[in-house]
Structures are given as C-alpha cells and as structure tokens.
Amino acid sequence: MKTSIMASERYSPADVEQKWQSRWDEAKLFEAKSEPDPDAPTYYVLEMFPYPSGRIHMGHVRNYAMGDVIARYKRAKGFEVLHPMGWDAFGMPAENAAMQNKTHPKGWTYDNIAAMRAQLKSLGLSLDWSREFATCDVDYYAQQQALFLDFLEAGLVTRKNAKVNWDPVDMTVLANEQVIDGKGWRSGAEVEQRELTQWFFKISDYSEELLDALDGLDEWPARVKLMQANWIGKSRGLQMTFELTEPYGELTGLEIYTTRPDTLAGASFMAVAPEHPLAVALAADNPALAQFVVDVRKSGTSAEELETAEKQGFETGIHVKHPLYESETLPVYVANFVLMDYGTGAIFACPAHDQRDLDFARKYGLPVIDTFFAMDDHTPVENEAFVPPKTETVDWVNQPAGIEKATGEEAIEATIDWAEKKGLGEAKTQFRLRDWGVSRQRYWGCPIPVVHCEKCGVVPEKKENLPVQLPDDVTFDIPGNPLDRHPTWRDCTCPSCGGPAKRETDTMDTFVDSSWYFARFADPTAETPTNVKAVNRWLPVDQYIGGIEHAILHLLYSRFFARAMQKTGHLAVAEPFKGLFTQGMVVHETYKAADGSWVMPSELTISGEGANRRAVLKSDGSPVEIGGIEKMSKSKRNTVDPDEIIATYGADTARWFVLSDSPPDRDVIWTDAGVQGAHRFVQRLWRLVHRVAEGADREGQDNGSLALRKITHKTLSNVDTMIPALRNNAAVAQIYTLVNALEKGVDDNSVSSAAMREGITITLQMIAPMMPHLAEECWVALGCEGMVGDTPWPDFDPDLLA
RNA sequence: GCCCCCCUGGCGGAAUUGGUAGACGCGCGGGAUUCAAAAUCCCGUUCCUUAGGGAGUGCCGGUUCGAUUCCGGCGGGGGGCACCA
C-alpha cells in the first residue's frame, strides 16, 4: 500500500501521534522482559516519579523527554532497557484537598493519577506501563511496612523524643518551612515547640560512609556531591572537659566540643544550651532560670527567626577553671544560641574570634581577649570578630600548644595533640547530619506498623499481620489526624502478649515512599519488598534524572535506604543511582496587569521588541507590565499548559523545543517564538523527506555525494557522543546542520540518491529518540522497513570522519 | 557568616585536550513568491571603520609561540547551608 502525500502537505501531529502510540503499545515495544536474555546488557533509566497533583506541567515534559531520549537511544544501541513510571502519591495536598472540597484523599489521588497518566501517554514516552504503581497502593505500602520491620529488627530504627513545631489548631506537626512568622501556614495559629516521641531512621550511623562513598559517584554532578557533603557536615575538633571551681551535685566538669581549640587562650566564658542537663538541673532550683528557658523556647526554629533572634543569656553563677591559666575562672551561661543536638550542647566562647561569641560578650559585658596574634596590622577587635585563617600561616602568641608560626589547621592539630597529652580531652569527629525523623501525624501516608500495649510497651506488628491498612471511613471535617479519632481502627491485639492494644497512628514521612520505589520497579508484584534476583539484575539505576531541588533530602535518604536494604538482605548494592543528572527548570516571563494581578501568557498580545516590547490584554487592550523570567508557577500565572501545546503543535514539537534551546542542566526559557521555531523544523523535515522520496529514482550529479556523506557520518559520530551525555541541545544543533546540508543537496541536485537516502535515513534515526512520532511517520514515507523505534542505531564510518 | 557555581552578539547558546571565537536556533534587516496575506525560500546580521584594516569571550594583570579555556585579583549575577562552636 502506497500513500501518496504531496510535499506541500503539512504534517498533522494530531492524526499521527496517537496512531504510533497505539502501535508501540500493541508491539509491547517498551516492556522490559521478565525473562530477559542473560547476555544482553541492561540499562535502567529513571526519571523522578511525579506527585499526582492533577495535571502535568512543562517541567514534567522536560524531565520525561530527557529520560525518553536516553531510553530510546539505549534501546536502539541494543540494551535491554527498563524505563518505568509510577506515582509518589501520599502526602498533604490530598488531605488539604479533602478538607477544602470534601473529597476523600484516595479518590482525589487516583483521579489525578488517571488524568496525568493520560497526559503522559500523549507525550509518546517509551515507558513500561506494565510496571506502574502508586506509593499509596496497598501492595506497595504493605511491603514498605515489611521493610520498616526489618529495619527495626536490624537496629536501624529508633524511637526518641524530638522537638517539633506543633500547630495547636490543625493539631499536627509542621515542618520548619510550613512555619511562617511563627505561625502555622494553614491555620495561622501561633506554633508551639513540643517535645514528642517520634520514630527515627538512624541515618547518622552512616554519616561517615555516606560522605566517603560520594567520591565513588563519578557520574554525579560535583555540585550535588558537594551539597550532600556540606549537609553531612563532618568536622574535626576537640572534646574536652573544663573543671568546675566547685562541684555541683555529682557534676565536677563541663564537657564541651570545639573545632577551634587553637583559640583557647581567648576563652572568656562558657555557654550551655537551654536543654543541657546542667541548665535543666539548675532551673529546677531557680525560677528565674526556668522562666528564661521557657521564654527562649517560645521563639521559633525557622531560619528567618534564628537569623534575627538576639543573643540571650542567663548567668548561672557557676564557674569553671581556665585550662591554661590556673588563677583564672570563666563564668557559665545558659544561652539561646547554643544547640543541644550538636557536639555536647556546651561551648567555650572566644569572643575575639567568633562573631556569635562576640555579640554575646558585648551584650553582657564580658571580656574580649584578642592579644594572641602577632599580626602586622593587628587592629583590636571591636564589633567584628577576627576569624583566624585556616590555611594561611600567621604568628601566634600565647598559643596553648606553644605554636609560634603556623596555619590555623596546623595550630588546631597541635592543640588537639597537646590536649590529649595533658589528658584534658580528645580528638572527636562530629557530623551535622541528624537522624531522620519519619513520624507524621497525618492520615494519608504509610501507617507505621507498630502497636502500643499497656503490658508490653511498643511492639512491632507481626509480618503475617501486614498490611496495616488505612481505613477508608475517615472524615476531615475537624482538624487533627483522623486515625486518632477513628472509632475502631486503633483497636488491635498485641502481637506479643495477645492482649488488647492500640495501633500507632503516626504515618511515615513521604520521603520514605520515594526512598526505595526504584527498587520496587524491578518486580512490582513481588511478595517481598524486592525480588532479589530481579533487583540485582537492574540496580543500580544507570541514569537517574530529576530536579536539583532533590539534591539533598531525597537522594541522601535513598542512599541510606539502599544501605539499609543491603544490610537487611533486600538489595546487593549500596549506591542506588550510578548516574545522576539534575535538569534545569522551565521558566517563563511574568506579566502584571495595572491592578497588580498576574496575567496568563495566553491572555495577552505582545508587540515590538527590545525596549519597545509592549504587552496588552487581549480582552480590552489595557497595558500589561512585562516582568522577570521566573519558574512557571500557578501563583505567578506564567504557566503554559502542555495539553494546549500538544493540541496545537503536537508532542514532538513540545519535546524538540524543551530539548533544543538550553543546556539540559540550565533553565530553559519557554517562548512562543521558540516553539514555533521547533514546529517549523518539524514541517521542514517532513517536506524534505517527501522531496527525497519523490526524487528517489532521479539521479543526482553526484559531485556533492562525498561531502554530504562526510557531514552525515560526522554528525552521527557527534550525536552519538552527545546523547549519552544528555547534551541534547548540542545534538539538536548538529542535526540542524545535517538537515541544512540535505536540503541543499536536494535543491541543487548535486547528490546521488544513495547518499541522499543514507543521509535522510540516519537523520530519522537520530531524531527518533527526540521526536519519535515524526520519525516513524517519515520512516514510512520513505518506504523503510519496520518501525524506526525498533531499528538498531546506525554505525558511522570512521573513514568518512576526516 | 561559611561553601560552591556562573559571566561569550539583540537573545538562548556552540567551540572534543590551550590552537580559525560566535556553530545551530531565535529575533531582526533586505529581497523573492503572492492581487494581498499566511506559509515557504534566498541574502545579510559581534562591534568599530577613513573599507585597508582594527578591536573583541565581565574588568585588571600573569603563564604561554598561542588563553573563552590555565593562574591571581576585582566587579556583577546565581545557588546551597546556616546561631553546627
């Protein structure tokens, strides 16, 4: 059957794209085989799975288009490819929607998934939909509960008290970023600091390993590794005890931690955290101190508040001996700027060399000792502390270890040695990384599978009793966790003594759900968390792609989880993601109407250019201010709906545009002109293919054939290195150059039909990962065999590269 | 405050290891086609210029036969962490 299409006819994506999506489906082209050829190399490409908010946005289009290029390319290269999709489906938005719209989180979530699945399918992604799951599927969270129990048994989970932000109206714990100006972001209620017993994963046991193993991740962006290293925050210092001048009860000394023992000679006072055992003990007998502790606690823990919070202290009347000068003593304060959960919760303060200590010293009239550097231009410390440089050599005076000329680092090491020899303290490595608190006082999450028994205490649920399933009959008409007030759900039998008991009503942080989903994709129906054989065949993920905003939490938690799963026998590898790529955002200009409201791009007309660009409302022609280029967001109304773009130009144009303009790790600016340019190329290629097809039997003069073949193979060689490096913008530019040459060859009839056909065929194979529908349709128009999506990647001829 | 990254035409950006700066696209200018438009095609497009050239990758300096690329300083923009002692 031959369809005759005139070269003047325009390519119509609407007619074509769905057809090819169905054909790929029918051929099960993208399903990873369950019994694969053991000799075939495997490749696991994964994009961070979406939260089912309701509709996809351009960021999704970019993310999934990038992954799809790799997946289709590797497939053509002969790899057995796993490219799955799922849904990060638990979380607060579903509950907020339930409260606002009187829906049920479950219905809301699954409706959203259905809508977004259809949208994703319209993009023509080479996804293995047979492996799809949502983290709120009972089958998934049941296995997550099994994992939790295994972790608990392996000593990777602990239960302890933690200070949290408590919203007394919504009756829930809030994350720091949900506290705005000391008030709950939803309720507006004054947030309280509460101490609650919470479940924690002991990620801090792995601080050293998570840090060291970063070195081995050579396919990760250096930036992400650095951010994780900073977050883990390893520091070396001295832990030492300052002797009290007279014992307080049992206590004879105050243990502190410092990373700058070299500044010991400048010590002027001591400070302990309000939660420090010494402070607590003193407060018991001292109402003024007790009141001080309460006052200090009232202030929030958010970043902004801490930044502006003034240093506050309470003089305890207790003193310690100065370790260097027998005759001197140092007063001990309780201070709001000392953190209980870092180091020992107590510090020695050296105001001359630490800004915080200086601020405190000036406020409370404490001495500032700045005489122990023989700096040439030594100026006395006033209101700015002098921080001794770590890597520059300076002259020291009165240095405890007797140092005279050394860098800060050398001085620190020498002082630690000195202190160890004198028996004052010992070298100690501290990490900033804290244990991961996973308890959430929420309904729409994975129930923590433990039981509270009056007789036995906290008891893990038995595995055979899993899953602990969320009840469907809950209401959201009053604040708080519906699980807490459910009439019967909490009632259960103690797995230990068989007596009556109550279920834990906290659910897990949704970051837990996303910390192992990549392993579940290897066999999403396994009756254990992972099918060990399958998971070890596919993992680690060869190429993981997602936003930089997950550089720390999600990626670090997943790295911890892989280790925990390794320890509990669910996984063989410690690092889940071999290659990582963090893509930039899709950004767009913003527009503001005269009344200050944001205006959507589709509501206005733009004319002129440069300084003369003007925007007016389509409705009434009133002027609109053109604002900055920002991340697409609903609040700024600068979004472009993928559905509309697909309806107007087709999925291929949208994909081509987000892949072409900007380097993949940078932001791409969405512009109408850019999309039209991308679409212009779609039509150009379509016309070119037909001109070649129609001229197939016409012999060219052939004097341009060799030159064209050289360009063809050079382009192929370049694209072949650019696609695996995700340098799609560069690959696109290469393809443009080739297409320009092909058009020229057709125009001046200077190329043999064989060389022309080779050029156009290779072009189609190169664009197939990016614009798969167009490539298939052109493939047919040229009369090529089978589907281009099922055709091996072409080899370039090295002889033609010179 | 600490840590890190970036800076190339009107715009997004190319330039494999230090070797022809500005590929490719967008925009813009001119032209062709058209009754006209859309669509399409062709030519031009870093700046200055006395038309022979000259300058040029944020600025100043250095290394080098040669620097967008390496080193030092300054300026501008962006990001991460943050009372972490």
Side-chain angles (χ1 to χ4, degrees), chain A residues 7-8 10 221-235 237-239 256-261 263 267 270-273 299 301-312 335-351 353-357 359-360 384-385 387 390 430-434 548-549 551-552 582 584 587 608-611 613 629 656-657 660-663 665-681 683-684 687 715 717-718 721-722 725 727 729-740 743-744 747:
Chain A
S8 59
R10 284 176 70 77
R223 189 157 74 113
V224 173
K225 291 194 279 186
L226 192 74
M227 280 161 68
Q228 291 212 352
N230 288 340
W231 183 265
I232 295 168
K234 181 178 181 173
S235 58
L238 175 66
Q239 190 155 316
I256 60 96
Y257 176 75
T258 177
T259 58
R260 292 312 294 256
T263 64
M270 312 295 287
V272 302
S299 58
T301 55
S302 73
E304 304 93 290
E305 283 167 311
L306 290 175
E307 195 164 358
T308 51
E310 196 172 340
K311 305 276 176 292
Q312 290 179 60
N336 65 339
F337 70 97
V338 181
L339 303 174
M340 189 57 224
D341 48 6
Y342 184 80
T344 62
I347 59 163
F348 90 81
C350 174
H353 304 299
D354 184 289
Q355 192 60 46
R356 293 158 304 180
D357 298 350
D359 293 345
F360 191 91
E384 219 166 294
V387 178
K390 278 197 170 177
Q430 281 287 346
F431 292 94
R432 224 184 57 98
L433 183 65
R434 312 287 164 72
I548 187 76
E549 68 273 21
I552 297 171
T582 50
V587 294
E609 60 168 308
R613 272 181 88 233
I629 295 169
W656 187 251
F657 174 70
S660 45
D661 246 10
S662 290
D665 52 344
R666 286 197 216 167
D667 293 348
V668 60
I669 304 168
W670 186 277
T671 61
D672 282 348
V675 180
Q676 283 156 18
H679 192 64
R680 196 145 55 225
F681 179 70
Q683 299 295 352
R684 249 177 83 194
R687 278 194 307 275
T715 304
S717 151
N718 288 340
T721 60
M722 288 163 176
R727 302 190 55 219
N729 62 318
V732 163
Q734 292 287 317
I735 292 169
Y736 268 112
T737 310
L738 174 56
V739 168
N740 289 345
E743 279 180 336
K744 192 165 174 297
D747 283 344

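Chain naming here is simple, since letters A, B, ... match the order of the sequence lines and numbering starts at 1 in each. Quick caveat, the model's predicted, so the values are computed rather than measured.
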When you compare B:U63 with B:U69, how far apart are their P atoms, in angstrom units rounded to a whole number?
-> 15 Å

With both distances under 3.5 Å as the test, what is the Watson-Crick or G-U wobble partner of B:U33?
-> none

Value for CD1 (A:Ile548) from CZ (A:Arg223), rounded to nearest 0.5 Å, stands at 3.5 Å

For A:Arg727, answer base if it contacts any base atom (sugar-phosphate contacts may also be present), sugar-phosphate if it contacts only those atoms, and nothing otherwise; contact means non-hydrogen atoms under 4.0 Å.
-> sugar-phosphate

Once you apply the 3.5 Å cut-off to both distances, tell me the Watson-Crick or G-U wobble partner of B:G10, or none.
-> B:C26

Charged N to carboxylate O under 4.0 angstrom, A:Glu743 versus A:Arg684?
-> yes

Determine, for A:Phe337 and A:Lys311, whether the Lys NZ or Arg CZ falls below 6.0 Å from the six-membered ring centre while staying within 45 degrees of the axis.
-> yes

Which listed nucleotide (B:G79, B:U40, B:C83) is nearest to the side chain of A:Arg687?
-> B:U40

Nucleotide nearest A:Met227 (side chain, heavy atoms from C-beta), chosen from B:G12, B:C83, B:G80 | B:G80

Go ahead and name the base partner of B:G56; Watson-Crick or wobble counts if both distances stay under 3.5 Å, otherwise write none.
-> none

Say you pick atom P in B:G80 and the same atom in B:C74; how far apart are they, in whole Å?
-> 25 Å

G-U wobble or Watson-Crick pairing nucleotide for B:A82 (cut-off 3.5 Å, both distances) = none

CH2 (A:Trp231) and CG (A:Leu226) are apart, to the nearest 0.5 Å, by 14.0 Å

